[in-house]
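Since this is a predicted model, take the numbers as computed values, not measurements.
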Amino acid sequence: MSRRREDRADTLVEAALRVLNTADPFEKARLGCSVASQWLQGTITQPYDSSLDLPVPDRPARLSNVKLVSPSLMPKLGKAGSLQSRQAIVHSLVHTESWAIDLSWDIIARFGKQAAMPRDFFTDFVKVAQDEGRHFTLLAERLEELGSFYGALPAHDGLWDSATATSNDLLARLAVEHCVHEARGLDVLPTTISRFRNGGDNETAELLERVVYPEEITHCAAGVKWFKYLCLRAENPAWDQGSMASPGGAGESEKTIEENDVIQKFHSIVRTYFRGPLKPPFNEEARKAAGFGPQWYEPLAVKEVSPRMETVL
């Protein structure tokens with residue numbers, strides 16, 4: 001390797017790969033926070049090196065201290081009425097956030113250069129990654145305060161199963177991970193918060209309500225934003241990549257047609273890559289804040305056969 005290559009600063013994609021290849025979840029969160037700060041402060045300036053074709057791991061580095069089981073074999077978490085139930089719920093949340101860190105850096109490393117995404121795409125998902133790392137760290141600390149630790153209980157890797165199924169399609173990744181899985185989190189978090197309050201655990205409730213819940217809305221919003229962007233760019237290849245407005249000064253009727261086309265594309269992708277119907281009730285207020293209304297998700301609550309899923313998942 002030349003001296004110039006040795007001295008060259010990391011691009012964001014190279015730094016993202018270092019995060020993905022870090023096995024310890026606490027170090028992964030710390031490193032991810034550092035990389036995010038460097039990008040947001042301008043220390044890391046380039047999203048990627050167009051001359052480098054860097055391999056992205058099929059599965060990020062992970063420690064083997066968490067016992068993994070099939071989602072169908074996961075013990076019931078309970079309703080936060082007992083200490084054991086509260087530990088189980090927080091442990092599940094910590095595990096979810098550990099995967100959310102990897103998913104955020106993976107979308108940057110896997111798709112940013114490949115899909116020729118604009119700089120704002122990288123910045124949006126760096127902010128998501130930074131949030132997820134903070135959520136993981138705070139929830140892991142809270143789990144220890146409750147007398148447990150990450151790895152004490154079994155967990156499942158359903159989130160990464162979806163990432164594997166969508167590893168070749170950015171639209172599918174955005175739809176399934178950010179507009180289905182993360183949106184499902186918005187649906188259930190208010191109930192989870194209430195259960196912790198009813199169980200007398202106001203500290204966990206406050207952490208979820210003041211930090212995790214509002215930031216997860218912005219994560220879902222990033223998915224919706226860039227899903228719309230890709231759909232509109234596909235229809236208008238000459239469209240300015242830095243703009244999220246409708247191209248060409250479209251009138252209201254044209255915008256409505258565009259929106260309907262985007263929604264139909266969303267339905268098609270979710271039915272292809274996600275097993276089964278979406279589960280109501282939906283948190284309409286949070287989903288609206290994230291940028292998508294009932295026409296996006298209510299039709300997907302109706303069961304429809306997806307033949308591709310038999311081979312994809």
When you group the ILVMFWY residues by side-chain heavy-atom contacts below 4.5 Å and let the links chain together, are Leu77 and Leu83 in the same group?
yes
Asp102/Arg62 salt bridge by N-O under 4.0 Å criterion
yes
Under 3.5 Å, is there a donor on one side chain and an acceptor on the other for Thr137 and Glu141?
no
Identify, with sequence neighbours excluded, every residue that meets side-chain hydrogen bond (donor to acceptor under 3.5 Å, both in side chains) alongside Thr192.
none
Do side-chain atoms of Ser92 reach the backbone of Ala88 as a donor and acceptor pair under 3.5 angstrom?
no
Approximate separation, where rounding is to 0.5 Å, of Asn283 CG and Arg184 CZ:
11.0 Å
With the threshold set at 4.0 Å, does a side-chain nitrogen-carboxylate oxygen contact exist between Asp124 and Lys127?
no
Other residues, nucleotides and ligands only: do more than 12 of their heavy atoms fall within 6.0 Å of CD on Gln84?
no
Charged tip of Arg173 within 45° of Trp226 ring normal and under 6.0 Å
no
Any sub-3.5 Å donor-acceptor pair from His156's side-chain atoms to Leu68's backbone N or O?
no
Hey, could you give me each pair passing salt bridge (Lys or Arg N to Asp or Glu O under 4.0 Å) that has a residue in residues 195-204? Not counting sequence neighbours.
Arg142-Asp201, Arg142-Glu203, Arg197-Glu206, Arg197-Glu209
Could you tell me which non-hydrogen atom of Leu174 sits nearest to which non-hydrogen atom of Phe227, and how far apart they are?
CD1-N, 3.7 Å
Output for pair (Leu17 CG, Leu54 CG), nearest 0.5 Å, gives 6.0 Å
Are Phe196 and Val188 connected in a single hydrophobic cluster, I mean Ile/Leu/Val/Met/Phe/Trp/Tyr linked by side-chain heavy atoms less than 4.5 Å apart?
no
Between Ile263 and Trp296, does a side chain to side chain contact (heavy atoms under 4.5 Å, CB included) hold up when you go through it step by step?
CA-CA 6 Å; Ile263 292 171; Trp296 283 70; 3.6 Å; yes
Pairwise salt bridge (Lys or Arg N to Asp or Glu O under 4.0 Å) hits with a residue in residues 277-300, at least two apart:
Asp187-Arg287
Looking only at atom types and distance, does a side-chain atom of Lys28 sit under 3.5 Å from a main-chain N or O of Ala61, one as donor and one as acceptor?
yes
Mark yes or no for whether Ser268, through its side chain, and Gln264, through its backbone, hold a donor-acceptor pair below 3.5 Å.
no
Between OH on residue Tyr273 and OG on residue Ser162, distance to nearest 0.5 Å:
12.0 Å
Note, Val35 side chain near Val126 side chain (heavy atom, < 4.5 Å)
no
Can you list the residues that meet the salt bridge (Lys or Arg N to Asp or Glu O under 4.0 Å) rule with Arg110, with sequence neighbours excluded?
Asp106
More than 12 foreign heavy atoms under 6.0 Å from CG of Asn168: is that the case here?
no
Determine yes or no for a side-chain-to-main-chain donor-acceptor pair under 3.5 angstrom, with Glu177 supplying the side chain and Ala163 the backbone.
yes
Could you list the residues that satisfy side-chain hydrogen bond (donor to acceptor under 3.5 Å, both in side chains) with His178, not counting sequence neighbours?
Glu182
CZ of Arg210: more than 12 outside heavy atoms within 6.0 angstrom?
no
Just how far is it from atom CG of Leu278 to atom OH of Tyr297, taken to the nearest 0.5 Å?
10.5 Å
Without swapping roles, check the side chain of Ser148 against the backbone of Leu143 for a donor-acceptor pair under 3.5 Å.
no
Between CD of Glu97 and OG of Ser104, what distance do you get to the nearest 0.5 Å?
9.0 Å
Apply side-chain hydrogen bond (donor to acceptor under 3.5 Å, both in side chains) to Arg18 and list each qualifying residue two or more places apart in sequence or on a separate chain.
Asp10
Where the side chain of Thr45 meets the backbone of Gly42, is there a donor-acceptor pair that is under 3.5 Å apart?
no
Under a 3.5 Å distance rule, please check whether Asp157 uses its side chain to pair with a backbone N or O of Trp160 as donor and acceptor.
no
For Phe136 and Tyr150, take the angle between the two ring planes, folded into 0 to 90°, and tell me which bin it lands in: parallel under 30, tilted 30 to 60, perpendicular over 60.
perpendicular
Does any N or O in the side chain of Ser98 come within less than 3.5 Å of the main-chain N or O of His95, such that one atom is a donor and the other an acceptor?
yes
Verify, without hydrogens or angle tests, whether Ser167 (side chain) and Thr164 (backbone) share a donor-acceptor contact under 3.5 angstrom.
yes
Rounded to the nearest 0.5 angstrom, the CG-CZ distance for Leu40 and Phe122 is 13.5 Å
Using the rule that two of Ile, Leu, Val, Met, Phe, Trp, Tyr join whenever any of their side-chain heavy atoms come within less than 4.5 Å, decide whether Leu153 and Met74 are in one cluster.
no
